[in-house]
Novice: 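First, the structure itself, so that you have it in front of you.
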Protein chains: 2
Amino acid sequence: MLTPLNIPEGLKVACSNCNLRELCMPTGFNLDEMQKLDEVVEKRRRVKQGELLFSNGDTFTSLYAIRTGFFKTCVISEDGREQVTGFQMAGEIIGMDGIVSDHHNCNAVALEDAEVCVMPFSDIENLSRELPGLQRHVHKIMSREIVRENGVMLLLGNMRAEERLAAFLLNLVQRLHARGLSQSELVLRMTREEIGSYLGLKLETVSRAFSKFSEDGIIEVKQRYVKILAPDALKKIFNPQTYY
Amino acid sequence: MLTPLNIPEGLKVACSNCNLRELCMPTGFNLDEMQKLDEVVEKRRRVKQGELLFSNGDTFTSLYAIRTGFFKTCVISEDGREQVTGFQMAGEIIGMDGIVSDHHNCNAVALEDAEVCVMPFSDIENLSRELPGLQRHVHKIMSREIVRENGVMLLLGNMRAEERLAAFLLNLVQRLHARGLSQSELVLRMTREEIGSYLGLKLETVSRAFSKFSEDGIIEVKQRYVKILAPDALKKIFNPQTYY
DNA sequence: GTATTCGTTTGATGTGCATCAAAGTTTTTT
DNA sequence: AAAAAACTTTGATGCACATCAAACGAATAC
């Protein structure tokens with residue numbers, strides 16, 4: 001059997017016939033350019049659940065395109081406090097935190113068995129001098145991350161617990177939906193504590209917010225399984241003003 | 001008189017003899033490369049205190065290198081809540097939020113009369129295909145911003161009011177010191193409310209934290225003027241564990 | 001199959017910061 | 001120079017979320 005999950009680690013696989021291409025790579029390339037693009041992906045790497053793709057202080061060499069699986073990235077303060085800075089899924093690129101200092105500035109942990117495409121950054125840079133489309137794409141990916149983090153700052157600085165959770169759930173399903181999954185059902189890959197860390201809340205507060213949404217008939221929750229029954233109600237919590 | 005402040009707006013001025021060059025431009029270029037670099041700076045633009053350099057929704061065309069003055073960037077939620085996402089000073093680059101969608105995703109407001117170098121992004125991209133040093137520099141600047149925002153997320157998600165203010169002050173003086181200013185004295189360019197917005201606090205809380213530091217003999221405050229009397233005490237507040 | 005560990009839920013209580021309020025100070029306007 | 005506006009400080013009170021605690025459920029180990 002030769003499903004994606006069974007391709008041996010280290011084997012070279014082409015972007016050109018990858019079904020995630022539109023998510024992590026630029027579009028509109030001709031055949032010649034596509035072939036060059038294929039060469040950026042050095043190899044694949046498997047990361048088991050709980051294992052680190054890279055950790056704080058590691059020498060930076062590559063960006064990683066997530067092929068399967070789910071990651072969290074987190075920074076840890078000197079006195080041991082952990083802040084989850086993001087959750088990443090198939091088609092998303094991680095590792096850009098390492099460029100500035102040639103060392104990674106956060107940990108990337110697989111929350112389920114995962115496979116990533118390893119893209120040596122020097123190769124990306126070389127090729128993006130040849131392919132303006134790739135160059136622009138790299139810039140956009142980094143800019144997107146900056147804008148995403150701006151949004152998280154707004155959330156952390158201004159929103160109340162239930163607003164944060166509503167925003168979080170809506171963002172997750174939206175991204176899952178863009179990957180062909182349901183826009184109403186999802187299975188959380190992270191614990192309440194990890195959600196709390198991302199949202200600046202304690203796990204008990206996250207749990208209570210889930211229970212509240214459930215009591216109000218907005219969602220159905222059973223452990224990691226979540227079904228969004230009333231997306232508009234969630235959006236209303238997230239952004240009350242819109243509905244006044 | 002021809003001090004930098006009196007150069008007419010729109011006049012082309014070279015990076016090659018700019019005293020902020022090491023801060024905003026890559027180093028190690030030869031004369032030929034420096035000349036090319038000079039051409040990236042299309043012109044200068046003045047922004048008066050309180051005016052916008054760009055605002056949310058504006059078409060993205062250029063990055064801006066701050067030559068003089070001080071800016072804040074902020075995002076505003078649909079229901080009107082403002083989150084200051086950063087304060088920027090001379091030698092820093094702003095505008096990268098606009099790359100991903102060709103439109104700016106935040107407002108950039110001058111907190112004092114300012115002058116910026118306008119660098120059309122298409123020119124930056126063109127030249128950085130020729131000059132790997134510039135290419136790498138652009139990547140580093142964006143990565144630095146991602147890492148900075150990671151740090152702010154840690155602050156917003158995990159720290160208490162006094163820790164946040166201590167971290168804020170230490171960061172500010174460190175950056176001012178890198179520009180040849182004192183590492184113990186500073187004049188704040190922003191209001192208590194703007195500091196609070198950045199730190200996820202209300203202005204009263206910021207004011208109380210200032211007063212507390214002042215009572216404890218850690219700083220001297222008089223309105224916008226701040227003198228850091230005991231930097232180690234500030235660092236200890238910011239990161240208690242280090243001193244156990 | 002039972003024991004253990006890990007994660008989640010729910011309740012009771014505490015606290016750090018927000019909110020409300022008012023006075024004081026500085027800056028800007030006229 | 002007086003008046004108005006903007007910003008800051010300080011006190012009193014309230015509340016959202018943290019903390020503490022215990023029971024429950026699911027997953028994993030033995």
Side-chain angles (χ1 to χ4, degrees), chain A residues 48-50 70 72 81-84 109 111-113 155-169 186-216 219-226 237 240, chain B residues 48-51 70 72 80-84 109 111-113 155-169 186-216 219-226 237 240:
Chain A
K48 286 230 168 79
Q49 184 173 355
F70 202 91
K72 70 169 177 182
R81 284 176 285 197
E82 174 174 317
Q83 172 72 34
V84 172
V109 182
L111 296 182
E112 60 181 5
D113 290 357
L155 179 144
L156 290 171
N158 283 285
M159 295 186 187
R160 341 171 105 244
E162 288 178 21
E163 295 180 82
R164 296 184 198 193
L165 187 62
F168 172 73
L169 290 174
L186 68 155
V187 176
L188 299 169
R189 249 70 239 211
M190 69 295 281
T191 67
R192 302 287 189 258
E193 188 169 19
E194 285 162 337
I195 297 172
S197 173
Y198 184 58
L199 299 179
L201 303 169
K202 293 295 164 185
L203 70 96
E204 294 94 330
T205 306
V206 174
S207 177
R208 278 182 239 270
F210 269 121
S211 299
K212 177 66 164 38
F213 288 170
S214 183
E215 283 163 30
D216 294 351
I219 63 172
E220 189 186 316
V221 200
K222 189 166 190 195
Q223 298 291 126
R224 303 282 179 100
Y225 169 83
V226 178
I237 290 165
Chain B
K48 286 232 169 78
Q49 184 173 351
E51 286 181 354
F70 202 91
K72 71 170 177 181
R81 285 177 285 197
E82 175 174 313
Q83 173 71 35
V84 172
V109 182
L111 296 182
E112 60 182 7
D113 289 357
L155 178 145
L156 290 173
N158 283 285
M159 296 186 186
R160 350 176 96 235
E162 288 179 18
E163 295 180 82
R164 295 184 198 193
L165 187 63
F168 172 74
L169 290 173
L186 68 154
V187 176
L188 299 170
R189 249 67 243 211
M190 69 295 281
T191 66
R192 303 287 189 258
E193 187 168 18
E194 286 162 337
I195 296 172
S197 173
Y198 183 57
L199 300 178
L201 302 170
K202 292 296 164 185
L203 69 96
E204 295 94 330
T205 306
V206 173
S207 176
R208 279 182 240 271
F210 269 120
S211 299
K212 177 68 163 38
F213 289 170
S214 183
E215 282 163 31
D216 294 351
I219 63 173
E220 190 188 315
V221 200
K222 187 163 189 199
Q223 298 291 126
R224 302 281 179 100
Y225 168 84
V226 178
I237 290 166

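In this text the structure is predicted, and so the values were computed from the model without any measurement. All chains are named by letter (A, B, ...) in the order of the sequence lines, taking the proteins before the strands, and each is independently numbered beginning at 1.
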Novice: Might you confirm whether atom CD of Glu112(A) has over 12 heavy atoms from other residues, nucleotides or ligands at distances under 6.0 Å?
Specialist: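 Yes, CD of Glu112(A) has more than 12 neighbouring heavy atoms, counting only those of other groups under 6.0 Å.
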Novice: Heavy atoms only, 4.0 Å cut-off, all strands: where does Thr191(B) land among base, sugar-phosphate and nothing?
Specialist: sugar-phosphate
Novice: If you check the Lys202(A) side chain, which of dA18(D), dC7(D), dG7(C) turns out closest?
Specialist: dA18(D)
Novice: Using whole Å, report how far CG of Leu201(A) lies from P of dT8(C).
Specialist: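 The distance from CG of Leu201(A) to P of dT8(C) comes to 15 Å, rounded to the nearest Å.
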Novice: Could you say whether Lys222(B) or Ala161(A) is positioned toward the 5' end of DNA chain D, judged by the nucleotide with the nearest heavy atom to each?
Specialist: Lys222(B)
Novice: What's the spacing between Lys202(B) NZ and Arg208(B) CZ if we round to 0.5 Å?
Specialist: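 So the NZ of Lys202(B) and the CZ of Arg208(B) are separated by 13.5 Å.
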Novice: Send over the distance from Met190(B) CE to dT8(D) P, rounded to a whole Å.
Specialist: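 Interatomic distance, CE of Met190(B) to P of dT8(D): 11 Å.
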Novice: Ignoring the backbone of Glu204(B), work out which of dC20(C), dA18(C), dA26(D) is nearest its side chain.
Specialist: dC20(C)
Novice: Here's a test of your reading of the structure: between Arg160(B) and Ser211(A), which maps to the more 5' nucleotide of DNA chain C?
Specialist: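 Upstream on the strand: Ser211(A).
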Novice: I'd like to check Arg224(A) versus Leu186(A) (side-chain heavy atoms, cut-off strictly below 4.5 Å). Are they in contact?
Specialist: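 Sidechains of Leu186(A) and Arg224(A): no contact.
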Novice: Does the dG16(C) base have a donor-acceptor partner in the side chain of Arg208(B) within less than 3.5 Å?
Specialist: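 Check fails, no donor-acceptor contact within cut-off.
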Novice: Give the rounded distance in Å between these two atoms: CG of Leu111(A) and C1' of dA27(D).
Specialist: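 So the two atoms are 17 Å apart, to the nearest Å.
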Novice: Could you tell me the separation between the CD atom of Glu162(A) and the C1' atom of dA18(D), rounded to a whole number of Å?
Specialist: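 So the CD-C1' distance, Glu162(A) to dA18(D), works out to 16 Å.
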Novice: Determine whether a donor-acceptor pair (one donor, one acceptor, N or O, separation below 3.5 Å) exists between the side chain of Arg224(B) and the base of dT25(C).
Specialist: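 Answer is no: no donor-acceptor pair is held.
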Novice: Take atom CG of Leu203(B) and atom P of dT19(C), then tell me their distance rounded to the nearest Å.
Specialist: 10 Å
Novice: Quickly work out the Lys212(B) NZ to dT10(D) P distance and round it to whole Å.
Specialist: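 Between P of dT10(D) and NZ of Lys212(B): 13 Å.
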Novice: From the options dT10(C), dT26(C), dA18(C), select the nucleotide whose nearest atom is closest to the side chain of Ser207(A).
Specialist: dT10(C)
Novice: Pick base, sugar-phosphate or nothing for Gly196(B), based on heavy-atom distances below 4.0 Å to the nucleic acid.
Specialist: nothing
Novice: Stepwise, does the side chain to side chain contact (heavy atoms under 4.5 Å, CB included) test hold for Leu155(B) with Tyr198(B)?
Specialist: CA-CA 10 Å; Leu155(B) 178 145; Tyr198(B) 183 57; over 6 Å; no
Novice: Distance check needed: dC7(D) P versus Arg189(B) CZ, whole Å only.
Specialist: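 Answer to the nearest Å: 15 Å.
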Novice: From CZ of Arg192(A) over to C1' of dA18(D), roughly how many Å is that when rounded to an integer?
Specialist: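 Distance, rounded to whole Å: 18 Å.
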Novice: Step through the shown structure and confirm whether more than 12 heavy atoms of other residues, nucleotides or ligands are within 6.0 Å of CD on Glu82(A).
Specialist: yes
